[in-house]
Amino acid sequence: MKKILYLSLLSLLLIGCKEKKVEVADYVSPAPVFCEDSAYAYVAEQCAFGPRVMNSAAHDSCGEYIAQKFKSFGTVVYDQYADSKLYDGTPIKMRNIIASYNPEAPVRILIAGHWDSRQWADNDSDEANHNTPIDGANDGGSSIGVMLEIARQLQLANDSNQVKIGVDFICWDAEDSGDSGGGNASSWCLGSQYWSGKRHVEGYTARYGINLDMVGGNNTVFYREQYSMSYAPSIVDKVWGAAARIGYGKYFSYDQEGGYITDDHLQVNQGGIPCIDVIGSDTKSGGFPSTWHTLDDNIKNINKETLKAVGQTMLDVIWTEQ
Ligand code: AHN
Ligand code: ZN
């Protein structure tokens, strides 16, 4: 029943999206229009499983949902199942999900984000919630929602406007079970650590990568993250430049620089593929979003305009890549 409701809701929302070109000043983007209603629905559908914490039934069911969804958009899906251990010694079963558009194309780009959610709301203002799992609507869910809508647009594109390069969507598992005590960077990003040691296809490489993290919150701005600036400055310019020319410069800001953030893009960089992190900051504090690792990171605090700014920018980048 719940599922039927969501599906009919989704089809209504999809009808709501107008087909129109993105045109700002004298720039007409070749990309189709990103539908933020559909991305939002994909975030809601992930959250409906419950928190996607490691070793949980909700996690495993949502993994199936993500893989099936990508398959329905015509991509080839690879799974990486692996055993690992959290920093506290808990054994975990991980699943990285990789969905490839145009799997035979020699020129490829990689778009990534984590799909697990954190099992401790240890940044919640109420200490009683510190051991409660979070929905991770923004922290995890938003990236996958945007990636699914990109995959849908790649499939929907008219014959005359097909993307010829390959695009690999990598959904990392076990990003968010790290030690918040600090000083233990390797306790985060376990899925991408596994992938960097053993890629889903032997010899796999890509021209560059873009990792998305917390791309659907309120009061969100994206500053140029520092590891991205040192490993892949031209990709930072490419993405921030695309945002500016389609009218999303307010979101992709040059007002200040971001910090050095331990995230999944680091593993991709260390494996030799230049990769940036598009990670949301709070417009007021400049730090992580205010809902970060709190029970407020739920669907009620997802902002469609933020999803749109990131998704449309990504489409412009993809459609202008030769
Ligand atoms: C650290 O807190 C060390 N890294 C943040 C990576 C992260 C967690 N992104 C989302 N949740
Ligand atoms: Zn997190």
Side-chain angles (χ1 to χ4, degrees), residues 43 46-47 51-54 56 58-59 62 84 86-88 92 94 96 111-125 129-147 170-196 209-218 220-228 231 258-270 275-282 285-299 301-302 306-307 310:
V43 179
Q46 292 171 77
C47 292
R52 304 171 298 287
V53 303
M54 302 312 299
S56 72
H59 171 275
C62 188
S84 186
L86 301 187
Y87 70 94
D88 64 3
I92 54 163
M94 305 190 292
N96 291 330
I111 301 172
H114 75 90
W115 73 272
D116 62 308
S117 68
R118 185 167 179 80
Q119 58 267 61
W120 311 290
D122 47 1
N123 201 45
D124 202 280
S125 55
N129 294 331
H130 283 195
N131 286 314
T132 306
I134 66 170
D135 285 349
N138 193 26
D139 195 354
S142 62
S143 321
I144 305 300
V146 167
M147 285 157 63
I170 307 194
C171 310
W172 312 114
D173 203 356
E175 187 272 350
D176 222 355
S177 294
D179 179 2
S180 55
N184 191 359
S186 63
S187 65
W188 303 87
C189 305
L190 301 180
S192 55
Q193 289 186 46
Y194 180 81
W195 181 88
S196 74
I210 302 170
N211 192 71
L212 306 176
D213 197 0
M214 304 191 279
V215 293
N218 290 317
T220 291
V221 60
F222 302 98
Y223 295 124
R224 294 163 298 159
E225 188 273 335
Q226 291 296 329
Y227 288 118
S228 309
Y231 281 105
Y260 286 92
I261 299 171
T262 301
D263 210 344
D264 293 309
H265 68 312
L266 262 190
Q267 296 302 321
V268 180
N269 278 310
Q270 285 165 3
C275 186
I276 69 165
D277 200 20
V278 173
I279 180 166
S281 295
D282 185 85
S285 72
F288 285 147
S290 61
T291 62
W292 182 70
H293 297 180
T294 76
L295 294 188
D296 289 331
D297 186 0
N298 59 48
I299 192 67
N301 291 315
I302 291 295
T306 309
L307 295 171
V310 174

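Both counts, for ligands and for their atoms, begin at 1 and track the order of listing. No experiment lies behind these values; they were computed from the predicted model shown. For the single chain, residues carry numbers from 1 onward in sequence order.
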*Asks:* Listed by chain and number, what are the side chain to side chain donor-acceptor pair (under 3.5 Å) partners of Glu225, not counting sequence neighbours?
*Replies:* Ser228, His265

*Asks:* To the nearest 0.5 Å, how far apart are CG in Asp263 and CG in Asp277?
*Replies:* 4.0 Å

*Asks:* Please examine the side chains of Gln193 and Trp188, heavy atoms only from C-beta on, and report whether any two atoms are closer than 4.5 Å.
*Replies:* no

*Asks:* Just jot down the side chain to side chain donor-acceptor pair (under 3.5 Å) partners of Ser177, sequence neighbours excluded, or say none.
*Replies:* Gln119

*Asks:* Is there side-chain contact between Leu190 and Ile92, with at least one heavy-atom pair below 4.5 Å?
*Replies:* yes

*Asks:* Could you measure the distance from the CZ atom of Phe222 to the CD1 atom of Ile279? Nearest 0.5 Å is fine.
*Replies:* 9.5 Å

*Asks:* Can you tell me how far apart CD1 (Ile134) and CH2 (Trp292) are? Round to the nearest 0.5 Å.
*Replies:* 9.5 Å

*Asks:* Give every pair formed by an N or O atom of ligand 1 and a protein N or O atom closer than 3.5 Å, one pair per line with both atom names and the distance to 0.1 Å, or write none.
*Replies:*
from: ligand 1; atom 1: 4 (N); to: Thr262; atom 2: O; distance (Å): 3.1
from: ligand 1; atom 1: 9 (N); to: Glu175; atom 2: OE2; distance (Å): 3.3
from: ligand 1; atom 1: 9 (N); to: Asp213; atom 2: OD2; distance (Å): 2.7
from: ligand 1; atom 1: 11 (N); to: Asp139; atom 2: OD1; distance (Å): 3.3
from: ligand 1; atom 1: 11 (N); to: Asp139; atom 2: OD2; distance (Å): 3.1
from: ligand 1; atom 1: 11 (N); to: Asp176; atom 2: OD1; distance (Å): 3.1
from: ligand 1; atom 1: 11 (N); to: Asp176; atom 2: OD2; distance (Å): 3.4
from: ligand 1; atom 1: 11 (N); to: His293; atom 2: NE2; distance (Å): 3.4

*Asks:* Tell me the protein N, O or S atoms under 2.8 Å from the Zn ion (ligand 2), in chain and number order.
*Replies:* Asp139 OD2, Asp176 OD1, Asp176 OD2, His293 NE2

*Asks:* Kindly compute the distance separating CG (Asp139) from NE2 (His114), expressed to the nearest 0.5 Å.
*Replies:* 4.0 Å

*Asks:* With the side chain counted from C-beta on, respond yes when Thr306 and Val215 share a heavy-atom pair under 4.5 Å apart, and no when they do not.
*Replies:* no

